[in-house]
Amino acid sequence: MKIRVGQGYDVHRWVEGRPFILGGVEIPSDFGPMGHSDADLVCHALCDALLGAANMRNIGYHFSDKDPMWKGVASTLLLKKVLEMIREKGWEVGNVDVTVVLDQPKLNPHIPSIKENLASVMDLDVDQISVKATTSEGLGFVGRKEGISAMAVALIQAK
């Protein structure tokens, strides 16, 4: 069986009054990540992991933040487009694993909804998707509440 692994990483600055969306799910918060699209770090990290595994560059190459077409777009749409692209090249997703790094708000209550929504968007079983959250223990830009980050790994296999 032919398999490949890719990794993705995304960072966004926190801003007051912006929606906080992860994996297509809105998380109650007074702050949200700044971005050209809806700034959904989970979807962005997953896009980069999948594109990397398929050797297809990165999310910025395909969906430039300079292109007004992508202004305010739901990142679940970008994720669907990436999945179409890798499937056209003969790949299917084995599993994905995402870690979100933030100190507040707590994500544990929202993780089942995020996983279910991603499973629907990606046309996968929920058990093919892992989503975790960790803190920065008050260190760095995350600890200073300046931003948020997410990392993802994706396993793809030839159809």
Side-chain angles (χ1 to χ4, degrees), residues 3-54 56-63 65 73-83 86 91-157:
I3 62 170
R4 290 188 182 173
V5 176
Q7 67 176 15
Y9 178 71
D10 197 32
V11 173
H12 285 272
R13 178 183 321 273
W14 278 125
V15 292
E16 193 170 354
R18 185 160 160 106
F20 182 25
I21 299 169
L22 290 179
V25 174
E26 188 161 353
I27 309 298
S29 177
D30 293 333
F31 291 82
M34 175 58 87
H36 184 69
S37 65
D38 65 1
D40 184 333
L41 286 91
V42 167
C43 288
H44 293 182
L46 282 170
C47 285
D48 273 346
L50 292 162
L51 289 166
M56 296 176 68
R57 302 195 63 169
N58 67 7
I59 189 172
Y61 178 80
H62 295 282
F63 311 107
D65 63 2
V73 72
S75 296
T76 51
L77 176 65
L78 303 180
L79 182 56
K80 284 181 183 183
K81 289 187 175 294
V82 165
L83 288 161
I86 70 164
W91 296 102
E92 63 183 29
V93 178
N95 72 297
V96 296
D97 184 15
V98 182
T99 302
V100 180
V101 184
L102 79 166
D103 289 350
Q104 290 293 326
K106 297 298 182 192
L107 291 187
N108 278 338
H110 307 286
I111 287 176
S113 298
I114 293 169
K115 288 179 61 170
E116 288 172 21
N117 194 61
L118 286 172
S120 175
V121 167
M122 299 176 76
D123 194 25
L124 298 174
D125 292 332
V126 173
D127 70 350
Q128 289 175 276
I129 299 168
S130 172
V131 176
K132 307 175 301 297
T134 190
T135 71
S136 68
E137 299 291 332
L139 299 173
F141 72 89
V142 172
R144 292 188 301 271
K145 297 180 177 66
E146 295 171 0
I148 179 175
S149 68
M151 298 164 273
V153 178
L155 173 78
I156 61 173
Q157 52 203 20

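These numbers were taken from a predicted model, which means no experiment stands behind them.
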(message) With rounding to the nearest 0.5 angstrom, report the SG to CG distance, Cys43 to Asp38.
(response) 7.0 Å
(request) Taking all non-hydrogen atoms of both residues into account, name the closest pair between Thr76 and Gly24 and its distance. (result) CG2-CA, 3.7 Å
(message) Can a donor-acceptor pair be found, under 3.5 Å and without considering hydrogens, that links the side chain of Asp40 to the backbone of Ser75?
(response) no
(message) Counting C-beta onward and ignoring hydrogens, is there a side-chain heavy-atom pair between Thr134 and Val100 closer than 4.5 Å?
(response) no
(message) Could you report the tightest heavy-atom contact between Pro19 and Pro33, atom names first, then the distance?
(response) O-CD, 3.7 Å
(message) For a side-chain contact (heavy atoms from CB on, under 4.5 Å) check, start with the C-alpha distance between Leu50 and Ile156, then their side-chain angles and the critical distance, and finish with the verdict.
(response) CA-CA 8 Å; Leu50 292 162; Ile156 61 173; 3.9 Å; yes
(request) Check Met122 against Val96 and note the closest heavy-atom contact, atom names and distance. (result) CE-CG1, 4.1 Å
(request) Taking the side chain as every heavy atom from C-beta outward, state whether His62 and Leu51 have any pair of such atoms under 4.5 Å apart. (result) yes
(request) Specify the closest pair of heavy atoms between Ser113 and Val25, including all atoms of both residues, with the distance to one decimal. (result) O-CG2, 3.7 Å
(message) Apply side-chain contact (heavy atoms from CB on, under 4.5 Å) to residues Val101 and Thr135 and explain how you reach the verdict.
(response) CA-CA 5 Å; Val101 184; Thr135 71; over 6 Å; no
(request) State, yes or no, whether a side-chain contact exists between Leu118 and Leu124 at a heavy-atom distance under 4.5 Å. (result) no
(message) Could you work out, with salt bridge (Lys or Arg N to Asp or Glu O under 4.0 Å) as the rule, every residue matching Glu146, not counting sequence neighbours?
(response) Arg144
(message) Nearest 0.5 Å, please: how far is CG in Leu102 from OG1 in Thr99?
(response) 11.5 Å
(message) Rounded to the nearest 0.5 Å, what separates atom CG in Asp123 from atom CD in Glu92?
(response) 11.0 Å
(message) Can you give me the closest heavy-atom contact between Val42 and Ala150, atom names plus distance?
(response) N-CB, 4.5 Å
(message) side-chain contact (heavy atoms from CB on, under 4.5 Å), that's the test. Do Val73 and Phe63 meet it? Break it down for me.
(response) CA-CA 10 Å; Val73 72; Phe63 311 107; over 6 Å; no
(request) Find out whether Leu107 and Leu22 are in side-chain contact, i.e. whether some heavy atom of one side chain is under 4.5 Å from a heavy atom of the other. (result) yes
(message) Taking the side chain as everything from C-beta on, heavy atoms only, tell me whether Asn95 gets closer than 4.5 Å to Ile129.
(response) no
(message) Measuring from atom SG of Cys47 to atom NZ of Lys80, what distance do you get when rounded to the nearest 0.5 angstrom?
(response) 12.5 Å
(request) Hey, could you give me each pair passing ring-ring contact (aromatic ring centres under 6.0 Å, His included) that has a residue in residues 5-33? Not counting sequence neighbours. (result) His12-His44, Trp14-Phe20
(message) With a 3.5 Å distance limit and no angle check, can you tell me whether Ser136 reaches the backbone of Gly143 through a side-chain donor-acceptor pair?
(response) yes
(request) Apply the test side-chain contact (heavy atoms from CB on, under 4.5 Å) to residues Arg13 and Phe141: give CA-CA distance (whole Å), side-chain angles for both, the deciding distance (0.1 Å), then the verdict. (result) CA-CA 9 Å; Arg13 178 183 321 273; Phe141 72 89; over 6 Å; no
(message) Donor-acceptor check, side chain of Arg18 to backbone of Gly35, threshold 3.5 angstrom: yes or no?
(response) yes
(request) State whether the side chain of Asp48 and the backbone N or O of Ile59 hold a donor-acceptor pair below 3.5 Å, judged by distance alone. (result) yes
(message) Strictly distance-based, threshold 3.5 Å: is any side-chain N or O of Gln128 a donor or acceptor partner for the main-chain N or O of Gly94?
(response) yes
(message) Minimum heavy-atom separation for Ala53 and Val5, please, with both atom names.
(response) CB-C, 3.7 Å
(request) Could you list the residues that satisfy salt bridge (Lys or Arg N to Asp or Glu O under 4.0 Å) with Asp97, not counting sequence neighbours? (result) Lys132
(request) Answer yes or no: is there a side-chain heavy-atom contact under 4.5 Å between Val11 and Ile148? (result) no
(request) Would you indicate whether Asp65, at its atom CG, is surrounded by more than 12 heavy atoms from other residues, nucleotides or ligands within a distance under 6.0 Å? (result) yes
